[in-house]
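Below you'll find the structure, written out as structure tokens, and then a few comments.
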2 protein chains.
Amino acid sequence: MADPSKPAHAEDSGLAVKRGKPTLRTIAEITGLAVTTVSRALSDAPQISIETRRRVREVADEIGYSPDRAAQRLKTGRTNVIGVLLDPHEEILGYGTSIMSGIAKALQGTAYHLIVMPNFLNSTNVEAVNYITRNGMADGLIFSRTEPLDPRVRLLSDLGFPFVTHGRTELSTPHPYVDYDNFTFSYQATKRLIAKGRRKPALISGPADFTFAGHLQHGFMTAVREAGCAYEILSGIDLDSPAGAIRDRVRQRYAEPDPPDSFMCGGEVCALATITGMSDCGLTLGREYDIVAKQTSHLLSAIQPQVETIYEDLTATGEDMGRVLLQKIGGESDVSKLQLLLCPQIPSSFGTAG
Amino acid sequence: MADPSKPAHAEDSGLAVKRGKPTLRTIAEITGLAVTTVSRALSDAPQISIETRRRVREVADEIGYSPDRAAQRLKTGRTNVIGVLLDPHEEILGYGTSIMSGIAKALQGTAYHLIVMPNFLNSTNVEAVNYITRNGMADGLIFSRTEPLDPRVRLLSDLGFPFVTHGRTELSTPHPYVDYDNFTFSYQATKRLIAKGRRKPALISGPADFTFAGHLQHGFMTAVREAGCAYEILSGIDLDSPAGAIRDRVRQRYAEPDPPDSFMCGGEVCALATITGMSDCGLTLGREYDIVAKQTSHLLSAIQPQVETIYEDLTATGEDMGRVLLQKIGGESDVSKLQLLLCPQIPSSFGTAG
DNA sequence: TGCTGAATTTATAACGTTTTAAATGGCCAG
DNA sequence: CTGGCCATTTAAAACGTTATAAATTCAGCA
């Protein structure tokens, strides 16, 4: 079958398959086809006959061919890489790892790889984004800790570079996002505290910079207003504060008059720190006060079953973000299809009857 | 200065810099040099005159040139990528994120990028390693959860593929690793319990598969033997068990005769779960029993100051692993220079006098 | 037979870099 | 002025892939 008149590279053609990783040329030599044909066949181009496609695929599988990503990337300009901006703040309770697991799951079976761009290389996150886009280091970007007027979102939107955020913005140009409905979570959680008979819930919210802090606050306020009860938004700390700081602040607050009788905590660490602070003051969870918290691992409910929790599945979130980004890269232009608001799973024990 | 007699590519030479990312050719056109010369100059080859090198670097900086990684990779075969095998078990308390932050810090300023290879794509970790090496997806690999006869280490050693493990093996061929001295940690921690007057410490160890579990156990046993006191290694659970399981097991153990009076916990979650279990039995930390634990975040000591903790800095570990791997890739062949055993920082309050 | 067009395959060039080998030019000894 | 040597620069090829345009085959039909 093979044409022996071809002089080119005939040196080692006796060995059918050269030493080393098989390439398109290896397959071409085996099948007697041209490299171009093999390339086409493997990408299932309609111009190649069915029979040829089948045979090429067969040989490729047999010799364990897999395309050279560097060459593809050089030729096509596509990197087949999804970048994740990793924030140092995300170290606690596996936020980053869960999200990445999810993204990886979504990327499984595609040609895409996940690469981590820790943002502390560049002093600001915007610089990191700039660097990545200018140097064509990825085909798409995923990041979190979204701000209402997030400059990264602005930049990427302007450039038309595909991305998905974890969290929404308040920018006028819509963009792909996946977000947890923190309003509903906060609203339901606060209502739950009130349903338990508490009359002055306190909110420990996210850092003011981030969009989700506003949502938490909004849900909280809606619930307390509906009930017409007192409330407090704990100042000086937020969900990013170290546990020790939260604990101290809670203790300090109880030394002052008219303290809250319950807490809405946006995170597990926050809840644990709050409990410790209250315990320092001799107060017992479930008796003198209550807590409802959001949980992203299963730690809190195992350690402190007294805390009512609502679970946010970050791995699922990552998976959604991966899927959405792939759709975006794939050319989906209807942005509304690329915006996901995940509903909190309210436990059935949460009666909504006030 | 520029020679106008050169006809090649003169078509758009009026625009000095073509649209798009600058390449070596862009610099060549600007300086009037050949592409080869520019390439050489940028890599500081001694055969290029100092003056030329300076000028080329200057122009490169000015137009913001950065080499195309895909092209470099295709040509040289080097990927400039470090892969990290991420384990789903590592979700808790930011293990993965901390390590990655550290690695990224070590890679900062080098040509290397960090790419995450979640192992759940391939059913086993060995398959993932196989895939990565066979397809030349990285120049080096980092992974953790090392087993005494780790098959990944075997495979990579055989292939001569650069890697660093977090944790040691018991294989005869030495390999680069970074490890925490869990023996010393466990030994000192257990001695501390005994110094506090406890007479039956219990160990909650790592999963038996992993090398570090043996180290923990060895340190523990050495301390109890020296003191000649009773001891117990809690069966049925380990550091990977969910908090709820640890809590249940502890509670159950206290329903049986002759329970331990103190705990050596290898992790924060474990310590918290143990405290909850004991509390269920009406026992108070610091009064009826004591705990010493290893801490990798600062959560535990903030939440439960009664627990004496020894801190393990995972970010520093990651940084070390990154550095070691770079040395290995750089050709360092003296393996002993690539093996780091990090010493636990024993708090000064830990008197060693029994 | 010879022409047309469809179906299938192919040669060639290109992506941006590095490597190998060769060219250029200056300088000095003979 | 020839030849040789050094320092410096250069042309050409290659890495493995895909895009463009061209070639080949073959059937149908005048």
Side-chain angles (χ1 to χ4, degrees), chain A residues 1-3 5-9 11-12 17-29 31-56 60 63-80 111 135-137, chain B residues 3 6-9 11 17-29 31-56 60 63-80 111 135-137:
Chain A
M1 303 289 165
D3 186 352
S5 67
K6 281 242 165 108
H9 313 114
E11 175 94 333
D12 46 10
V17 179
K18 291 217 301 228
R19 215 58 176 160
K21 229 188 122 204
T23 72
L24 287 181
R25 216 185 77 184
T26 318
I27 302 181
E29 277 165 6
T31 57
L33 293 164
V35 172
T36 311
T37 313
V38 174
S39 171
R40 288 244 151 95
L42 285 175
S43 55
D44 257 335
Q47 350 171 357
I48 304 295
S49 77
I50 299 278
E51 166 57 15
T52 302
R53 282 189 247 172
R54 197 196 50 71
R55 191 159 51 105
V56 167
I63 67 177
Y65 167 80
S66 86
D68 184 308
R69 299 174 63 86
Q72 286 182 315
R73 177 167 166 178
L74 175 58
K75 184 63 181 127
T76 64
R78 263 171 288 114
T79 64
N80 283 350
N135 293 53
M137 312 247 356
Chain B
D3 187 351
K6 280 245 165 106
H9 314 113
E11 173 93 335
V17 179
K18 290 220 300 233
R19 213 71 178 145
K21 228 189 122 206
T23 74
L24 287 182
R25 216 185 79 182
T26 319
I27 303 181
E29 277 166 4
T31 57
L33 292 165
V35 171
T36 310
T37 313
V38 175
S39 170
R40 287 243 150 93
L42 285 176
S43 56
D44 256 337
Q47 352 171 355
I48 304 296
S49 77
I50 300 278
E51 166 56 15
T52 303
R53 281 188 248 173
R54 196 196 51 70
R55 191 159 52 103
V56 168
I63 67 177
Y65 168 79
S66 84
D68 183 307
R69 298 173 63 87
Q72 285 182 314
R73 179 166 163 179
L74 175 59
K75 184 61 185 140
T76 64
R78 263 171 287 114
T79 63
N80 284 348
N135 293 53
M137 313 247 355

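Note: hydrogens, waters and symmetry copies are ignored here, and every other heavy atom, side chains too, is used. Just so it is clear: chains get the letters A, B, ... in the order the sequence lines come, proteins before strands, and each one is counted from 1. On a predicted model such as this, the values are computed, not experimentally measured, just so you know.
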* Between Gln72(B) and dT18(C), does any side-chain N or O lie under 4.0 Å from OP1 or OP2? -> yes
* Structure fact -> Ranking dT10(D), dT17(C), dT18(D) by distance to the side chain of Leu33(B), first place goes to dT10(D)
* Structure fact -> The nucleotide from dA11(C), dT9(C), dG16(D) with an atom nearest the side chain of Thr52(A) is dT9(C)
* Asked: When we call it a touch if two heavy atoms are under 4.0 Å apart, what does Arg73(B) touch: a base, just sugar-phosphate, or nothing?
  -> nothing
* To do: May I ask you to check whether over 12 heavy atoms, not counting those of Arg54(B), lie within 6.0 Å of atom CZ?
  => yes
* Considering only side-chain heavy atoms of Thr37(A), which listed nucleotide, dT17(C), dT10(C), dT9(D), is closest? -> dT10(C)
* Asked: Quick one: is dT9(C) close enough that its OP1 or OP2 comes under 4.0 Å of any side-chain N or O from Ser49(A)?
  -> yes
* To do: Indicate whether OP1 or OP2 belonging to dT18(D) is found under 4.0 Å from a side-chain N or O atom of Ser39(A).
  => yes
* Structure fact -> Of dG16(C), dT10(C), dT9(D), the nucleotide closest to the side chain of Arg40(A) is dT10(C)
* Distance test, side-chain N/O of Gln47(A) to OP1/OP2 of dT9(C), below 4.0 Å -> no
* Of the candidate nucleotides dA11(C), dT8(C), dT17(D), which contains the atom at the shortest distance from the side chain of Ala34(A)? -> dA11(C)
* To do: Looking only at side-chain atoms of Asp68(A), point me to the closest of dT9(D), dT18(C), dG16(D).
  => dG16(D)
* Phosphate contact (dT10(C) OP1 or OP2) by Thr36(A) side-chain N/O below 4.0 Å -> no
* Which nucleotide sits closest to the side chain of Leu74(B): dT10(D), dA14(C), dG16(C)? -> dG16(C)
